[in-house]
Every structure is written in C-alpha cells, then in structure tokens.
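Below you'll find the structure, written out as structure tokens, and then a few comments.
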Protein chains: 2
Amino acid sequence: MGDVFKALADPTRRYILDELAERDDQTLFEICVRLTGKYQLTSSRQAISQHLELLEAAGLVRTRREGRYKFHTLDTRPLEQIAERWIRNKPQENP
Amino acid sequence: MGDVFKALADPTRRYILDELAERDDQTLFEICVRLTGKYQLTSSRQAISQHLELLEAAGLVRTRREGRYKFHTLDTRPLEQIAERWIRNKPQENP
DNA sequence: TTGATAGGCAAGTGGTTACTTGCCTATAGT
DNA sequence: ACTATAGGCAAGTAACCACTTGCCTATCAA
C-alpha cells in the first residue's frame, strides 16, 4: 500500500497515469512522445522507463509484451481503496 | 494536490493519520506516546512534530491552540477526491 | 546480414527528505 | 520567583530518489 502512495507522490508519474487513463496500451516511446508534446516534460526515455517500473511495482500499471513492443495499461484497482483507509474511521495495520 | 500524495508517501505519517482517525484533538506528546506504544515507532518528538507540520501543510491535519497545548485533528476532505482523478477517465492538469 | 528500432542494465550524480541535536520560548503549577 | 511541561527553531547528517550517461540485448525490416 505504501508503494502506491510513493508512486503517486511524483508529478511525472501522475502525468503518466493521466496519459494512460486517456489511452491504454501505450509503449514506452509513445508515452515519451505524448508526455513531452502535451505537458512539455523534458524527461528522458530512461527516466520514464524507471517511472513505469515503479508504477508497475505499485500495481498501478500492467504490462504486456508483444514482439519488441511492451504495452502499458493503467490499473485503477489500487486507487479504488486508497481514500477508504482514514475516512471511515477504520485504521488498518501496514505501512 | 501533490502535497497530499507526498504526505501520504511516508509510513510514519500514515501511522499518525491512523492515530488521529481513532481519536481527534490530540497533542504532539499524546501522539508521540501512542505511536511508540502502539506501533513501536522510535521517532523523536521533533520528528513527529515535523511530520505534523507537513500534514498540516497538505491540508490533512488541522490544528487548534489552547494555552500551551496544540490539538491536532484529522481532515479527510483532501482524501475524498484522491482516487477520483484517474478512475473515471478524466485526467486533470495539476501536478 | 546489416541497420534501425524498442527496450533494458547499471553505475554515478545532485537534490530532496527524514531525522537528530542543541538550544530557545511560552504556558502552567507550586 | 522557580520549575516543569508543551512546543518551536535551526543547523547538520545520512539515506533516498529522480535523473543522467553509456553500453548492451532483442526484435523486425531491407
């Protein structure tokens, strides 16, 4: 659960999620092109790649290999429980 | 909005929110005692104090002065919109 | 096979951040 | 007044994180 919050803590990663929310099944290069075009982000391919790794580790992005392409898809399930933790007065363990 | 995510990215701060969700209007010392007792956290008073500052800046905690006491209260309103951003396919700007 | 494309690996760097340490202010009790 | 309590301020440290750099692997098209 902490991984999800850490993943969301970075603005570039939130832009990536925005992009994937608009269009699923994008490759790393597609994401790079669209991020720089749409939000004037200057991040390199490797930077985006590392962000995607982290997002996948947090369960927010799922990937699918096809030949030399790797497609990335947004998985919103971890987000659907986030706010629940403190709102309904029911703290859990973890961090 | 990024401040909220950054605030939630730290496990100690999430414990603090847990604690405030259980009981509102706690002072810094109360929070310290309960955190160390309940979760075996070893953080010092100053560490917790700095976390509370950050949580207040993120809008997740509201404070109230009373004599030499400062009471801290959980404000869940920023949490109530968090998950909405990507779930309903409507990216916003920000970061 | 050659070259181009899509992506991965790993070490290094600069800035951020969580935490400590030491001292200071203010309120309250005696 | 004196002491203890609740909290604040600020500099320093160590770990972490985002990002770069350079090179490598794998797939596909010609």
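In what follows, every chain begins at residue 1, and chains take the letters A, B, ... in the order their sequences are listed. Heavy-atom basis, side chains included; hydrogens, waters and symmetry copies ignored.
Atom CZ in A:Arg45 sits roughly 12 Å away from atom C1' in D:dT20 (whole-Å rounding). When rounded to the nearest whole Å, the span between CG of A:Leu8 and P of D:dA18 equals 12 Å. One can place CD1 of B:Ile48 at 16 Å from P of D:dA6, the figure rounded to the nearest angstrom. Taking atom NE2 on B:His72 and atom P on D:dA6, their separation rounds to 13 Å, with Å as the unit. Separating the CZ atom of B:Phe29 from the P atom of D:dG8 is a distance of 10 Å, rounded to the nearest angstrom. Rounded to whole Å, atom C1' of C:dT25 lies 15 Å from atom CG of B:Leu28. Atoms CD (A:Gln50) and C1' (C:dG12) sit 12 Å apart, rounded to a whole Å. Counting to the nearest Å, the P atom of D:dC23 and the CD atom of A:Gln46 are 13 Å from each other.
The listed nucleotides are C:dA18, C:dC19, D:dG7; the one nearest the side chain of B:His51 is C:dC19.
Nearest approach of B:Thr27 to B:Phe71, heavy atoms of both residues: CG2-CE2, 3.7 Å. The minimum heavy-atom distance between B:Val61 and B:Leu20, with the atom names listed, is CG2-CD1, 3.7 Å. For the residue pair A:Ala58 and A:Ala7, the shortest heavy atom distance occurs at CB-CB, 3.9 Å. Between B:Leu52 and B:Leu28, the shortest heavy-atom contact is CD1-CD1, 3.8 Å. Minimum interatomic distance between B:Glu19 and B:Lys38 (heavy atoms only, all atoms of both residues): OE1-NZ, 3.0 Å.
Residue A:Thr27 places none of its side-chain N or O atoms closer than 4.0 Å to OP1 or OP2 of C:dA6. Within the 4.0 Å cut-off from OP1 or OP2 of D:dC19, not a single side-chain nitrogen or oxygen of A:Ser44 is found. Side-chain N/O atoms of A:Lys70 include none lying less than 4.0 angstrom from OP1 or OP2 on D:dA26. The side chain of A:Thr12 places an N or O atom within less than 4.0 Å of a non-bridging phosphate oxygen (OP1 or OP2) of D:dC19.
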Nucleotides 27-30 of chain D: which of its N/O atoms have a protein N/O under 3.5 Å away?
| residue | atom | partner | partner atom | Å |
| --- | --- | --- | --- | --- |
| D:dT27 | O2 | A:Arg68 | NH1 | 3.4 |

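Summarising the geometry, atom CD1 belonging to A:Ile48 is positioned 4.5 Å from atom CD1 belonging to A:Ile16; distances are rounded to the nearest 0.5 Å.
With a 4.5 Å cut-off on side-chain heavy atoms, A:Tyr39 and A:Asp18 count as touching.
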